[in-house]
Every structure is written in structure tokens, then in C-alpha cells.
Amino acid sequence: EFVAFDQPILPWSDINLWMSVFNPFKVLCVIREPGDQIAEFVKRGILYNPFRSPFLNYAQVNVLSIYGNSHKSMLKFHIDALQGRLARIDEMIDTIPQERLLVVDFEGLAMKYEYYKSKIENFLGICSDSHQSKKKYYDPVVASENSVDIYKNIPERTRKILEEDDDLKKSIQQLRKWYGNRIKDIRD
């Protein structure tokens, strides 16, 4: 009856073209607390290797040429990239018809899994019996233990940079404000 396409909509793709290719469609967009996203980059060791390539590639050369290779500069890169992705989500919300787009928060999905699962099933028009490999790829217990509120435990080196650099501090505050507003919209 349908195909689940489990991939992010890339920031440079044209939403209107995407909607034409996948018609009819429904989009499920999961957003995550920005501080936790930054903490995740540090925790997973991908702060300096955002492309996960073992070799220095052209994209990495460009990033390093623009941002540099210090801890602070790589935090700046990830914060800028995150700002771009959140702007893309705003564009999706403004462009995709409301009945075709469901935005949920990662934290809510982890902490109130059954409620959110039901909400997603209703949106997609499926029932619990349609699920295969339940909790194989996403376990709310693991997510809540390992991925929610991890910003509170960010390494001291990173915390110090984010607290002492006014531009980074302001950027994180703006990201968290955006998220807070979106969460308010989602949960209301």
C-alpha cells in the first residue's frame, strides 16, 4: 500500500519537487533539543569529522578552510549547520500541507513513547499490527537514558567554550528558543 522512505530531506533539495515525486506522501519530521544534538556530536566523536569519512574529502577541506580545525571552530560549524537545518524545517512547515506533515519531538517520543507512537500511527493511517521489528531500531528506554538531557553532561572543555564565547552562546540560545517554540506548537 505504501513505501516508508527513511531518509532526511536534504537541505538543498527542492520541497516542491520532492512533493511532486512522492505523491501522495506524508512526512514525519522528528526534531531534537539543539543542546542535546551538539552534545551528541561531542559524545560520538564526530565534532571534527562531521562527514564520517576516513579520508579528507573536498567537503571537509572546504569546511576546514572556512571554519578552521579548533574545538571552538568546529562547534561553530555544527551550530551553523544546525541553524540551517532548523530553517529548513520552518520552510517545510510553511510549504507542506498540514495534513501531510507531522512534527514530533525526540524527547517526547522517548519519554511518552506509547502516546507518540499512537499519534504517528494515526497520522500515517496504520495500526500497531503493521509494525515489524518493534523497538529494534528505536528503543525509547535506551533513547531516554542515553540521548535525552545529555547537554547537562557535556564535557567541561566544550561547556566552557559555549559559555564564554558570546556569539556561540547567543546562537545556542536562539536554537533552544526555536526548539522551545516548536515544542510548544507540537504539544498544544
Side-chain angles (χ1 to χ4, degrees), residues 4-22 27-96 101 103-107 109-110 137-138 142-143 146-183 186:
F5 184 65
D6 179 20
Q7 291 296 316
I9 298 174
L10 299 173
W12 53 85
S13 64
D14 182 330
I15 291 175
N16 290 308
L17 176 63
W18 186 87
M19 289 190 306
S20 298
V21 171
F22 297 101
V27 176
L28 173 63
C29 179
V30 181
I31 60 174
R32 185 174 179 196
E33 203 284 325
D36 283 349
Q37 287 188 59
I38 298 299
E40 188 80 29
F41 299 145
V42 175
K43 178 181 168 184
R44 290 186 180 219
I46 60 172
L47 188 68
Y48 291 94
N49 191 5
F51 304 102
R52 297 185 186 209
S53 172
F55 306 105
L56 192 61
N57 60 39
Y58 188 68
Q60 287 170 308
V61 169
N62 285 337
V63 167
L64 295 176
S65 296
I66 295 167
Y67 287 92
N69 197 28
S70 70
H71 197 75
K72 179 179 171 180
S73 64
M74 293 313 295
L75 285 168
K76 172 78 171 129
F77 163 74
H78 284 285
I79 289 169
D80 287 351
L82 188 52
Q83 286 173 328
R85 286 192 294 275
L86 298 184
R88 185 68 168 153
I89 291 169
D90 285 337
E91 184 182 345
M92 287 173 44
I93 290 168
D94 292 342
T95 304
I96 297 174
L101 175 68
V103 180
V104 298
D105 62 300
F106 179 86
E107 294 75 18
L109 186 60
Y137 300 103
Y138 179 80
V142 172
N146 298 330
S147 301
V148 175
D149 287 334
I150 61 174
Y151 188 71
K152 295 175 183 175
N153 300 318
I154 202 164
E156 186 60 31
R157 175 184 181 200
T158 303
R159 178 179 311 289
K160 197 170 185 175
I161 292 169
L162 293 173
E163 289 175 353
E164 292 177 359
D165 184 283
D166 289 338
D167 291 336
L168 292 179
K169 188 176 184 177
K170 183 179 175 185
S171 294
I172 288 284
Q173 288 170 346
Q174 289 171 337
L175 291 171
R176 294 181 108 187
K177 181 179 178 184
W178 177 95
Y179 181 78
N181 290 336
R182 282 292 171 218
I183 291 305
I186 290 169

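Note that the coordinates shown come from a computational prediction; the quantities given were computed from them, not determined experimentally. Atoms considered below: every heavy atom in the structure, side chains included; atoms not considered: hydrogens, waters and symmetry mates.
- Closest approach of Tyr138 and Leu109 over heavy atoms only: OH-C, 3.5 Å.
- Ion pairing of Glu91 with Arg88 is present here, as a side-chain N (NZ or NE/NH1/NH2) and a carboxylate O approach within less than 4.0 Å.
- Sparse packing is recorded around NZ of Lys72, with 12 or fewer heavy atoms of other residues, nucleotides or ligands lying under 6.0 Å away.
- Of the inter-residue distances, the one linking Ile172 atom CD1 with Lys177 atom NZ reads 15.5 Å to the nearest 0.5 angstrom.
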Passes side chain to side chain contact (heavy atoms under 4.5 Å, CB included), Ile154 versus Leu162? Steps please.
CA-CA 10 Å; Ile154 202 164; Leu162 293 173; 4.1 Å; yes

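- Atoms CZ and CD1, from Arg176 and Ile183 in turn, are 12.0 Å apart once rounded to the nearest 0.5 Å.
- Using a 4.5 Å cut-off on side-chain heavy atoms (C-beta onward), Ser65 and Val61 make contact.
- The two residues Tyr151 and Gly35 have their closest heavy-atom pair at CD1-O, 2.9 Å.
- Smallest separation of non-hydrogen atoms from Val27 and Met92: CG1-CE, 3.8 Å.
- A salt bridge links Glu40 with Arg32: at least one charged nitrogen is closer than 4.0 Å to a carboxylate oxygen.
- Between Trp178 and Ile31, the closest side-chain pair of non-hydrogen atoms falls below 4.5 Å.
- Across His78 and Ile46, no two heavy atoms sit closer than the pair NE2-O, 3.6 Å.
- Side-chain atoms of Asn69 do not come within 3.5 Å of backbone N or O of Leu64 as any donor-acceptor pair.
- From Ile161, atom CD1 reaches atom CE of Met74 across 12.0 Å, with rounding to the nearest 0.5 Å.
- Side chains of Asp36 and Glu107 form a contact here, defined as non-hydrogen atoms less than 4.5 Å apart.
- Between the CG atom of Asp165 and the CD1 atom of Ile79 there is a distance of 8.5 Å, given to the nearest 0.5 Å.
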Working note: Phe77 + Leu47, criterion side chain to side chain contact (heavy atoms under 4.5 Å, CB included); need CA distance, chi angles, decisive distance, verdict.
CA-CA 9 Å; Phe77 163 74; Leu47 188 68; over 6 Å; no

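- Here the straight-line distance linking atom OG of Ser171 with atom CG of Leu75 works out to 11.0 Å at 0.5 Å rounding.
- Note on Glu163 versus Lys169: no salt bridge recorded, every NZ/NE/NH1/NH2 to OD/OE distance being 4.0 Å or above.
- Nearest approach of Arg182 to Asp90, heavy atoms of both residues: NH2-OD1, 2.6 Å.
- Note that CZ of Arg85 and CG of Asp80 are 10.5 Å apart. Values are rounded to the nearest 0.5 Å.
- Leu86 is not listed as a side-chain neighbour of Tyr179, based on a closest heavy-atom distance of 4.5 Å or more.
- By the 4.5 Å heavy-atom criterion applied to side chains, Ile93 and Ile89 are counted as neighbours.
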Working for side chain to side chain contact (heavy atoms under 4.5 Å, CB included), residues Val42 and Arg157:
CA-CA 10 Å; Val42 175; Arg157 175 184 181 200; over 6 Å; no

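- Put simply, the side chain of Lys43 gets close to the backbone of Asn146: a donor and an acceptor are under 3.5 Å apart.
- Across all their heavy atoms, Gln83 and Gln174 have their closest contact at NE2-OE1, 3.9 Å.
- Taking a cutoff of 4.0 Å between a charged side-chain nitrogen and a carboxylate oxygen, Lys76 and Asp167 do not qualify as a salt bridge.
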Apply side chain to side chain contact (heavy atoms under 4.5 Å, CB included) to Leu101 and Thr95, showing your working.
CA-CA 10 Å; Leu101 175 68; Thr95 304; over 6 Å; no

